[in-house]
Amino acid sequence: MTEHGQALHGQALLYVTHDRAGTSAVRSMGTADLGAGGVPVVLVPGLGALGYLLRTLERCARSGPARLLDVPGHRDPAGRVCGDTLGALADTVARWLTDVPGGPVVLAGHSTGAQVALHAAALRPGRVRSLVLMAPTFPPRLRRMGPLGAAAFHTAVQESPGVVPAVLPSYLAAGPRRLLACARSAQADAPEEVLPRVTCPVTLVGAEDDVLSPPGWVRHLAGRAVRGRAVVVHGAHAFPHRYPDATAEALNGVRDAPF
């Protein structure tokens with residue numbers, strides 16, 4: 001394991017860490033010690049882009065252990081840790097959950113990362129105390145490229161301009177072929193069929209102006225979960241970037257909730 005201290009926003013001291021998970025070394029950002037200060041919050045990004053979740057990570061780290069997993073590792077100097085499909089990503093996260101934290105975590109994914117987190121929770125139920133799915137993709141009508149492209153454009157005009165520099169370096173490093181492979185894999189997935197297999201508490205968080213993961217879809221998924229609830233917040237698809245305080249408050253609330 002290698003660690004490099006890094007201060008973000010002058011608040012929490014975060015680290016870049018490579019942890020051995022199976023035969024791979026998975027890079028993450030966050031607090032160094034996952035065993036002290038409460039249940040860890042573990043974030044899984046959408047399309048492998050870390051930047052837009054850093055504000056939420058830093059705020060979660062003020063209240064306890066927190067990590068943001070760099071999967072598949074588009075900008076990891078050590079190289080990508082896995083493939084770009086949901087199956088490969090979920091397997092990697094599941095191995096990390098088994099080998100790295102000392103106990104169960106609050107696992108939270110955003111966008112396609114929510115799909116990855118859901119599958120990882122199904123693979124390792126004993127390692128996930130609670131699951132948070134933020135703006136989970138994709139409702140059935142967006143599982144074709146034409147409707148998805150139109151929805152992505154509609155959502156993009158609702159986003160904060162600041163999200164572009166937060167995600168663009170990862171997107172450029174990935175390239176269109178890898179991003180498309182991840183998107184197509186996500187479109188082929190049916191999270192509504194996986195949720196009934198997850199027995200831990202599940203919080204679904206949607207945004208009122210999100211067309212990629214509209215509030216009605218979020219509420220439908222909450223109804224499919226064994227122990228699900230839905231929360232609708234301000235913003236569009238990338239609400240964790242624009243509203244990091246509210247996002248971290250929701251995540252810390254799940255962390256602090258009685259099991």
Side-chain angles (χ1 to χ4, degrees), residues 8-14 28-31 34 37-71 93 105-118 120-121 128-137 155-156 158-167 170 191 200-215 217-219 221-222 225 228-257:
L8 291 180
H9 305 295
Q11 298 291 335
L13 180 63
L14 304 181
S28 64
M29 300 179 183
T31 55
L34 289 176
V39 179
V41 171
V42 178
L43 302 172
V44 183
L47 294 180
L50 303 184
Y52 76 101
L53 288 178
L54 287 176
R55 294 177 177 180
T56 295
L57 171 68
E58 189 272 331
R59 285 154 177 81
C60 287
R62 298 179 195 178
S63 301
R67 290 283 183 90
L68 170 58
L69 301 185
D70 186 4
V71 288
V93 173
V105 307
V106 172
L107 183 62
H110 177 265
S111 190
T112 60
Q115 295 174 262
V116 173
L118 173 59
V128 180
R129 182 180 187 271
S130 295
L131 179 64
V132 183
L133 306 179
M134 301 182 289
T137 43
T155 296
Q158 304 289 332
E159 299 287 4
S160 164
V163 76
V164 175
V167 299
S170 292
C200 70
V202 183
T203 300
L204 284 294
V205 186
E208 56 191 9
D209 296 322
D210 188 356
V211 183
L212 294 176
S213 181
W217 166 244
V218 169
R219 295 188 183 99
L221 290 180
R229 70 184 184 104
V231 178
V232 177
V233 299
H234 294 303
H237 192 65
F239 67 86
H241 178 77
R242 189 169 188 174
Y243 300 106
D245 291 312
T247 306
E249 182 179 356
L251 293 170
N252 288 329
V254 172
R255 185 207 319 249
D256 297 337

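Values in this document were obtained by computation on a predicted structure and should not be read as measured data.
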Practice problem: Report yes or no: does R229 contribute a side-chain atom to a donor-acceptor pair with the main-chain N or O of L204 at less than 3.5 Å? | Solution: no

Quiz item: Under the 3.5 angstrom rule, does the side chain of R255 hit a backbone N or O of C60 as a donor-acceptor pair?
Solution: yes

Practice problem: Report yes if some heavy atom in the side chain of L221 is under 4.5 Å from a heavy atom in the side chain of L133; otherwise report no. | Solution: no

Quiz item: Is there a donor-acceptor pair under 3.5 Å between the side chain of T56 and the backbone N or O of P240?
Solution: yes

Practice problem: Decide if atom CD of Q158 counts as having more than 12 heavy atoms of other residues, nucleotides or ligands within a radius under 6.0 Å. | Solution: yes

Quiz item: Could you give the distance from CD (Q115) to OG1 (T137), rounded to the nearest 0.5 Å?
Solution: 3.5 Å

Quiz item: What's the spacing between M134 CE and L53 CG if we round to 0.5 Å?
Solution: 6.0 Å

Exercise. Might you point out which heavy atoms bring V39 and V106 nearest each other, and give the distance in Å?
Key: CG1-N, 3.7 Å

Self-check item: CG-CE distance between L57 and M29, expressed to the nearest 0.5 angstrom
Solution: 8.5 Å

Self-check item: Minimum heavy-atom distance T31-P65, with the two atoms named
Solution: OG1-CA, 3.3 Å

Quiz item: Got a donor-acceptor contact below 3.5 angstrom from the W217 side chain to the P136 backbone?
Solution: yes

Practice problem: Starting from the C-alpha separation in whole Å, work towards a yes-or-no answer on side chain to side chain contact (heavy atoms under 4.5 Å, CB included) for R59 and L251. | Solution: CA-CA 10 Å; R59 285 154 177 81; L251 293 170; over 6 Å; no

Quiz item: Which atom names give the shortest non-hydrogen contact between S28 and L69, and what distance separates them?
Solution: CB-CD2, 3.9 Å

Practice problem: Begin from the C-alpha positions of S111 and H237 and carry the test side chain to side chain donor-acceptor pair (under 3.5 Å) through to its verdict. | Solution: CA-CA 8 Å; S111 190; H237 192 65; 2.8 Å; yes

Quiz item: When the ring planes of F239 and H110 are compared, do they come out parallel, tilted or perpendicular, using 30° and 60° as the limits?
Solution: perpendicular

Self-check item: Donor-acceptor contact below 3.5 Å, side chain R55 vs main chain H241
Solution: yes

Quiz item: From E58 CD over to L68 CG, what is the distance, rounded to the nearest 0.5 angstrom?
Solution: 12.5 Å

Quiz prompt | Nearest atoms (heavy-atom pairs only) where L47 meets T112 | solution = N-OG1, 2.9 Å

Exercise. Determine the minimum heavy-atom distance between S130 and V128, stating which atoms define it.
Key: O-CG1, 3.3 Å

Quiz item: How about T155 and D210: do any of their side-chain heavy atoms sit closer than 4.5 Å?
Solution: yes

Self-check item: Nearest atoms (heavy-atom pairs only) where V202 meets A225
Solution: CB-CB, 4.2 Å

